[in-house]
Every structure is written in C-alpha cells, then in structure tokens.
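Everything on this sheet refers to the single structure shown next.
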Amino acid sequence: MASQQKEIEELKVFISTRESICGECGENLGSKAWITLAGEKGALCMSCADLDHLIYLPSGDAALTRRAKKHSTLSAVVLRWSRARRRFERQGALVEEQALEKAEEECLADSEVRERRRNREAIRRQKLDRQYVEQFAQRVREFFPGCPAGREAAIAEHACQKFSGRVGRSAAAKSLDEAAVRLAVIAHIRHRETDYDRLLSRGYDRGEARVEVERAVGAVLRSWEAKG
C-alpha cells in the first residue's frame, strides 16, 4: 500500500530559504536554490535530481498548468516556505517543454472558441429588442399560466429574433396577438416536449412528424393553459 501511495505522490521541488549544498555533487547552491530532498543525501540540485530539463510554469493559469502536467511524463510542483503563513505554498510547476507547448496550443484554441461564442452571443443580443421580448414573454405567461417558470423568456427570445422569419416577427406577433403567441408556444412545445426532432432525424417529413406529435402537443398546451 505504501509503494502504491509513493507512486502517485507528487514530486516536489523546494525553493530553499537557507544555504544548501547538493548531497550528490557537493556544489554549494547558496540560498534560494531549487532543490529536491532525497532522504539521507539531503538536498539535491536540479541537475543531480535529473530535473534540469524541465521548464518552470508559474502559477496563475489553472487550465494551462493542468494540461501541461497531463501531457508531461515527468513534472513537479514548486514550493516555497512562507514565513508569514508558516507553510509551504505553491509557486508553480516544472513540466517538459513539449508538454507546455501542447498545453499552450490547446488553451489558445479554447480562447478562440470562447471569443467566437462571445461574439455570437453579442450578435444574438443585438438582434433582440429587449422591451418587445419582455412584453412577448408576459403575454406567454398571461395566456399559458401553467408554463414552467422561465420558459416564457426562452419562447419569447427564440420567437422574436429580428430578421429570423420566426412567428414572433410577424405583424400579428408584434401586436402581441394571442394567436401568434400561441403559435410560438406550440413551436416550442413541439421541439422541447415531444419526439418531433427525433422523428425528423429518422427521415419523417415535417407534416408527418407534426401529425405524430399533435396529440402530445395538445396535452402539454392544455396543461400550460391551466392555472394550476
């Protein structure tokens, strides 16, 4: 059991706070040296510990550190004693150079994805007339008081995107006509509460799929129209 624990224990490198001498090569490392502890030998320099090929990655970017350590065959955590807190605190990690490069590429790709998502969300928000959407959502709640909490907002936002051609952009919908609001609710129920999308994926045409789910849509409509 002890050997298993040792296998998974994280390798530690310490930034010394006092004069150190390498227990293997005998070099005077001075203070603030980076060392490992090797039992009876005491402190070892990075070269004697076979860690001098690793690259230092400071703390601060958790995703980068996690990925770099995952890709690195050999890695170590870097610790320094804090007099104020009277404990060792993480300063960063030592990882293989190619592992760090791969992790940086992955994080860069992620940042690009996040930026694209932010841009899409900004465009989506620009397409929404907030006041109109809120009024549309209020009408959904008025006509369908049994609608689950929050669904009215989702229905309104989806139906009311500008230039989308969706039912919420029709003249009747702009006047918050009950029939137009009902069509938006039916469309939402069809996609969210029935097997409609699954039927389409299996090759049904829209008309056939709508007939198949018509009864289920009606049941949900009636439950949403009820006041509780």
Side-chain angles (χ1 to χ4, degrees), residues 59-71 102-228:
S59 297
D61 189 327
L64 180 62
T65 299
R66 183 177 63 254
R67 285 173 165 167
K69 290 177 71 175
K70 181 185 72 173
H71 294 310
K102 186 171 183 179
E104 288 172 336
E105 290 173 0
E106 291 178 351
C107 287
L108 179 60
D110 277 0
S111 67
E112 292 173 350
V113 169
R114 287 194 297 270
E115 181 63 24
R116 287 196 296 271
R117 286 176 180 168
R118 283 193 294 267
N119 290 339
R120 287 199 303 271
E121 182 63 17
I123 292 171
R124 187 187 69 83
R125 287 195 299 267
Q126 290 170 5
K127 289 182 177 180
L128 294 176
D129 180 329
R130 181 52 51 190
Q131 183 178 7
Y132 170 52
V133 170
E134 290 174 356
Q135 291 173 344
F136 196 99
Q138 288 172 6
R139 293 290 273 175
V140 171
R141 178 57 59 188
E142 178 184 339
F143 298 139
F144 300 92
C147 174
R151 289 289 189 91
E152 69 273 21
I155 293 168
E157 287 197 1
H158 184 75
C160 299
Q161 285 191 21
K162 292 180 180 178
F163 319 121
S164 66
R166 292 179 178 141
V167 292
R169 302 310 302 176
S170 67
K174 289 179 182 178
S175 65
L176 303 177
D177 177 82
E178 181 177 358
V181 173
R182 186 179 184 85
L183 285 175
V185 172
I186 289 173
H188 176 85
I189 291 173
R190 190 180 289 129
H191 289 288
R192 290 285 297 273
E193 302 290 333
T194 76
D195 288 336
Y196 181 70
D197 288 353
R198 185 176 63 83
L199 293 174
L200 293 181
S201 72
R202 289 170 54 187
Y204 281 63
D205 84 8
R206 289 195 310 150
E208 292 173 334
R210 290 188 180 196
V211 169
E212 287 288 327
V213 302
E214 184 176 2
R215 183 172 297 179
V217 169
V220 176
L221 269 177
R222 288 190 293 275
S223 70
W224 285 14
E225 286 171 331
K227 293 186 178 181

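Keep in mind that the numbers below use all heavy atoms, side chains included, and drop hydrogens, waters and symmetry copies.
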Donor-acceptor contacts under 3.5 Å from residues 206-216 side chains, at least two apart:
unit_1	atom_1	unit_2	atom_2	d
Glu208	OE1	Asp205	N	3.2
Arg210	NE	Tyr196	OH	3.4

Can you tell me how far apart [atom1] ([X]) and [atom2] ([Y]) are? Round to the nearest 0.5 Å.
| X | Y | atom1 | atom2 | answer |
| --- | --- | --- | --- | --- |
| Leu221 | Phe143 | CG | CZ | 13.5 Å |
| His191 | Leu200 | NE2 | CG | 7.5 Å |
| Arg139 | Glu178 | CZ | CD | 7.0 Å |

Below 4.5 Å, heavy atoms only, C-beta onward: do [X] and [Y] meet side chain to side chain?
| X | Y | value |
| --- | --- | --- |
| Trp224 | Ile189 | yes |
| Arg67 | Asp110 | yes |
| Arg151 | His188 | yes |

For [X] and [Y], work out which heavy atoms get closest and say how close.
| X | Y | value |
| --- | --- | --- |
| Ala184 | Phe136 | CB-CZ, 3.8 Å |
| Ala63 | Cys107 | C-SG, 4.1 Å |
| Pro145 | Ala226 | CG-O, 3.7 Å |

For this session: Could you walk me through whether Val217 and Glu193 pass the side-chain contact (heavy atoms from CB on, under 4.5 Å) test, one step at a time?
Result: CA-CA 8 Å; Val217 169; Glu193 302 290 333; over 6 Å; no
Exercise. Does Lys102 pair with Glu105 as a salt bridge, N-O distance under 4.0 Å?
Worked result: no
For this session: Considering only NZ, NE, NH1 and NH2 on the basic side and carboxylate oxygens on the acidic side, decide whether Glu115 and Arg118 come within less than 4.0 Å.
Result: yes
Exercise. Short question: side chain of Ser223, backbone of Val220 - any donor-acceptor pair under 3.5 Å?
Worked result: yes
For this session: Quick one: list whatever passes salt bridge (Lys or Arg N to Asp or Glu O under 4.0 Å) with Arg66, sequence neighbours left out.
Result: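 Counting only residues at least two positions away or on another chain, Arg66 forms no salt bridge (Lys or Arg N to Asp or Glu O under 4.0 Å).
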For this session: In sequence, state the C-alpha distance, the side-chain angles, and the governing distance for Arg222 and Glu225, and then conclude on salt bridge (Lys or Arg N to Asp or Glu O under 4.0 Å).
Result: CA-CA 5 Å; Arg222 288 190 293 275; Glu225 286 171 331; over 6 Å; no
